[in-house]
Amino acid sequence: MLITLEGLDGSGKTTVWEALHDVYPDATFTREPTDSWYGEAVDRSIAADDADPLAELFLLTADHADHLSGTIEPALADGDLVVSDRYSDSRFAYQAATLAASDVDIDRPLEYIKGIHAAFSRPPDATIYLDLDAREAAERAGRTNKFEQDGYLAAVRKNYERLIDAEPDRFVRVDASRSPEAVIARVEEALAELVGE
Ligand SMILES: Nc1ncnc2c1ncn2[C@@H]1O[C@H](COP(=O)(O)OP(=O)(O)OP(=O)(O)O)[C@@H](O)[C@H]1O
Ligand SMILES: Cc1cn([C@H]2C[C@H](O)[C@@H](COP(=O)(O)O)O2)c(=O)[nH]c1=O
């Protein structure tokens, strides 16, 4: 079973992901961007304010393709529970916001990016969405790069809402404005239900 954690920068995904290691010691824990050389290229692009928006989308998608074939699919074939800190929804929400704000002439960026993934990707079985206001998310993240900005994250949040509206049964929304302990407890409860414990 493939479970993904999604949300804005600073919403607490990594905090939750780390806490889950103790609860599911046999699971495969992974993340995007990965730590492969594809992921390193992504990190360089994210740090570049003048990165080409389409090139950035395809770098992230290349990292996803390698992540799928090298980590996700083998782990699922072994029957593992796989927990990924960010996955395809991050592309749908973030790069759709980037493309919409750019000069690139694509009418429906979110649908365009979904279409690229539909050809090869493996959708998550369930997605835990850590829901947080854009300003608080940017504040927690430290506003250190082009993505960790209030206005940009507000656009990303709207895209996450569109994704949830389209597939309400796949998403579990968790209020990420609560304390770390309360958020972790709620995610653990949701995950136990999802894996049938
Ligand atoms: N529920 C919470 N309440 C307050 N602060 C939190 C909470 N969860 C995490 N934090 C703090 O917010 C910051 C960001 O947390 P974390 O790295 O887990 O978020 P993230 O969603 O993985 O962010 P990013 O996507 O930018 O990597 C950290 O300083 C963390 O300690
Ligand atoms: C997978 C993925 C990531 N991003 C962005 C979101 C964050 O700002 C950075 C790094 O992620 P982290 O969780 O803070 O380590 O990358 C993105 O825009 N699109 C994606 O597909």
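Model, not experiment: these values are computed from the prediction. Hydrogens, waters and symmetry mates are skipped; everything else that's a heavy atom, side chains included, is used. Every number for a ligand or one of its atoms is a count from 1 in the order of the listing. Residues take their numbers from the sequence shown, with the count starting at 1.
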Sub-4.0 Å heavy-atom contact, L8 with ligand 1: yes
Ligand 1 to S179, heavy atom cutoff 4.0 Å, flagged ligand atoms 1 (N)
Any ion pair linking R44 and E40 (charged N to carboxylate O, less than 4.0 Å)? no
Just jot down the ligand 2 atoms closer than 4.0 angstrom to any heavy atom of L60, in number order. 2 (C), 19 (N), 20 (C), 21 (O)
By number and element, which atoms of ligand 2 are closer than 4.0 Å to a non-hydrogen atom of R31? 12 (P), 13 (O), 15 (O)
For S90, the ligand 2 atoms with a heavy-atom partner under 4.0 Å come out as 1 (C), 2 (C), 19 (N), 20 (C), 21 (O)
Would you call K158 and E161 a salt bridge, taking side-chain N to carboxylate O under 4.0 Å as the test? no
So between R140, R31, E18, whose heavy atom ends up nearest atom 11 (C) of ligand 1? R140
I'd like to check atom 28 (C) of ligand 1 in this structure: does the protein have a heavy atom lying under 4.0 Å from it? no
Heavy-atom contacts under 4.0 Å between T14 and ligand 2: side chain, backbone, both, or neither? neither
Contact between P180 and ligand 1, counting heavy atoms under 4.0 Å? yes
H64 ring center near F120 ring center (under 6.0 Å): yes
Could you work out, for atom 5 (C) of ligand 2, the closest of F147, Y87, F92, W17 by heavy-atom distance? F147
Check each atom of ligand 2 against the heavy atoms of E32 and keep those under 4.0 Å away; list them by number with element. 1 (C)
Within the structure, is a non-hydrogen atom of R86 found at a distance of less than 4.0 Å from ligand 1? yes
Should the pair F29 and H21 be assigned to parallel (<30°), tilted (30 to 60°) or perpendicular (>60°) ring geometry? parallel
Ligand 2 versus Q95: contacting region, heavy-atom distance under 4.0 Å: side chain
Which segment of R86 sits under 4.0 Å of ligand 2 when only heavy atoms are counted: side chain
Tell me, which protein residue and heavy-atom name are nearest atom 23 (O) of ligand 1, and how many Å apart are they? G10 N, 2.9 Å
